[in-house]
Amino acid sequence: MSLRTGTLTHPRRAQRALYATAAAIAAGTLLLAGQAGATGTGLKTLAEAKGIYFGTALTQSNLSNSALTAVASGQFDMVTPGNEMKWDTTEPSNGTYNFSPGDQIVSYAQANGMRVRGHNLVWHSQLPSWVSSLPTTQVQAAMESHITTEATHYKGKVYSWDVVNEPFNDDGTLRQDAFYAAMGNGYIADALKTAHAADPNAKLYLNDYNIEGQNAKSDAMYNLVKSLKAAGVPIDGIGLESHFVLGQVPSTMKANMQRFTALGVNVAVTELDDRIQLPASSANLAQQATDFTTVVDDCLAVSGCVGVSQWGVGDADSWIPGFFSGYGAATMYDANYQPKPAYNAVVTALGGSTSSPSASVSASASASPSASPSPSPSVTGVASSCKVADVVNAWNTGLTENITITNTGSGTVNGWTLGFTLSAGQTITSAWSATITPTSGQVTATNLSYNGTLTPGAATTIGFQANHTGDAAAPASFTLNGKTCSAG
Ligand code: 9MR
């Protein structure tokens with residue numbers, strides 16, 4: 001493929017030839033990355049060889065999850081803080097700033113050679129009430145102070161800023177938030193100019209959802225960019241969030257990206273996920289792989305598309321189950337940080353090789369009905385003991401629970417069942433990385449074919465989604481092959 005030239009050529013694109021050898025090497029190392037799900041040079045190397053980045057979102061709590069960070073640092077070269085740079089965290093009361101959570105994400109990124117997309121400076125959501133309670137005459141000053149202070153704090157440390165997040169309604173009108181109420185549509189230009197003054201080298205973005213294809217909302221964003229460029233307002237890019245529903249990546253996405261870049265701005269896929277109605281079937285996962293391929297292909301086909309970021313590392317970290325009841329499995333990694341078909345599809349789309357042995361494929365098939373339990377649990381070796389850690393994420397009527405089982409004994413566990421009792425009113429609607437029966441009361445989780453063997457010290461994570469009627473408590477105790485496990 002030839003080098004992309006043109007006014008919007010990203011500096012990395014000019015290095016494509018230099019990266020060609022690295023890509024060939026990456027194709028080999030990715031085989032290992034796919035099998036381990038956590039190591040290797042990963043998507044980032046293949047992406048860089050194509051002149052783009054491949055990113056993820058990380059929250060502060062993600063940083064203490066070693067399985068997660070192994071994937072994050074191995075696969076991705078761009079980090080977007082999930083929540084830590086938003087106004088409610090950084091300036092919870094007027095003039096009082098807290099950059100500690102965001103600083104931790106930046107430190108992690110720097111330590112792992114990753115760049116940072118700053119997210120975000122002005123947004124109607126996660127906005128502390130003191131801002132929306134201000135007299136309209138004071139909002140502009142508050143907004144400018146906030147932007148100046150935050151962008152100055154992170155000056156030189158962020159690649160880009162989502163300066164204004166989600167400014168439009170779906171019909172293309174501007175959202176009637178506190179900023180619009182105080183300043184009309186002029187608040188957007190004012191925010192961009194203020195950010196540019198604070199950090200002239202940061203790429204300045206407007207970021208929104210449902211603007212991936214051509215529609216009334218993306219038309220409105222297009223017209224806004226056109227008028228900002230005509231007025232000489234500093235703007236470098238448009239973020240297409242890309243929170244997709246399975247099978248619904250817009251067919252006009254590439255053309256839409258192209259019309260934005262023709263205006264003289266870059267585009268980026270900033271928050272990619274692809275939600276599936278649970279339980280996810282093998283066919284669903286195959287469609288998801290197609291959807292991820294479409295998005296990556298579209299970005300690669302548009303010279304001003306600088307990168308793709310997934311929103312979260314794996315399915316366990318995704319916002320989707322908590323916001324869209326009954327949906328999940330929206331990322332390239334399952335709850336056990338094993339790559340799903342979408343991961344292999346992205347590797348292929350980026351020019352890598354996925355001629356991996358079936359172990360990698362079966363590891364990704366936690367939702368597949370063909371993944372069968374091992375028949376007869378046994379322990380070879382001396383003693384058997386276990387510990388179990390579980391994390392519950394609950395919302396008003398539902399919950400997801402991830403359970404990590406560690407073999408703390410000196411013998412290898414060959415096939416296992418995990419027994420536990422669900423709290424009253426909890427009913428399992430889907431499970432991953434194990435078969436769980438029945439759906440309420442005293443239940444038994446049985447390993448799938450790929451995670452039945454636990455050598456001493458080895459761990460595996462399984463999980464489930466459940467409805468609840470008010471009691472979202474986690475099980476109090478677990479038994480592995482009938483033996484009580486300690487907590488931890
Ligand atoms: O991932 C974020 C989640 O943890 C928060 O609860 C949520 C609250 O609004 O925001 C999520 O991130 C959003 C992002 O900042 C902007 N686009 C939509 C994302 C998903 O809601």
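Indexing begins at 1, ligand by ligand and atom by atom, following the structure's order. No experiment lies behind these values; they were computed from the predicted model shown.
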By salt bridge (Lys or Arg N to Asp or Glu O under 4.0 Å) - contacts of Asp170 (at least two apart): Lys217
Greater than 12 external heavy atoms within 6.0 Å of Tyr327's OH: no
Derivation of the side chain to side chain contact (heavy atoms under 4.5 Å, CB included) call for Lys229 and Ile235: CA-CA 7 Å; Lys229 291 296 274 185; Ile235 176 162; 3.7 Å; yes
Once you restrict both partners to nitrogen or oxygen, which atoms of ligand 1 have a protein partner under 3.5 Å, and how far apart are they?
| unit_1 | atom_1 | unit_2 | atom_2 | d |
| --- | --- | --- | --- | --- |
| ligand 1 | 1 (O) | Trp311 | NE1 | 2.9 |
| ligand 1 | 4 (O) | Asn83 | ND2 | 3.0 |
| ligand 1 | 9 (O) | Gln126 | OE1 | 3.2 |
| ligand 1 | 10 (O) | Lys86 | NZ | 3.2 |
| ligand 1 | 10 (O) | Gln126 | OE1 | 3.4 |
| ligand 1 | 12 (O) | Lys86 | NZ | 3.4 |
| ligand 1 | 12 (O) | Trp311 | NE1 | 3.4 |
| ligand 1 | 15 (O) | Lys86 | NZ | 2.6 |
| ligand 1 | 15 (O) | His119 | NE2 | 2.7 |
| ligand 1 | 17 (N) | Glu166 | OE2 | 2.8 |
| ligand 1 | 17 (N) | Glu241 | OE1 | 3.1 |
| ligand 1 | 17 (N) | Glu241 | OE2 | 3.4 |
| ligand 1 | 17 (N) | Glu271 | OE1 | 2.7 |
| ligand 1 | 17 (N) | Glu271 | OE2 | 3.4 |

Donor-acceptor contact below 3.5 Å, side chain Gln287 vs main chain Leu285: no
Residue pairs involving residues 133-143 (criterion salt bridge (Lys or Arg N to Asp or Glu O under 4.0 Å); sequence neighbours excluded): none
Within residues 294-308 or reaching into it, pairs that qualify as salt bridge (Lys or Arg N to Asp or Glu O under 4.0 Å) - sequence neighbours excluded: none
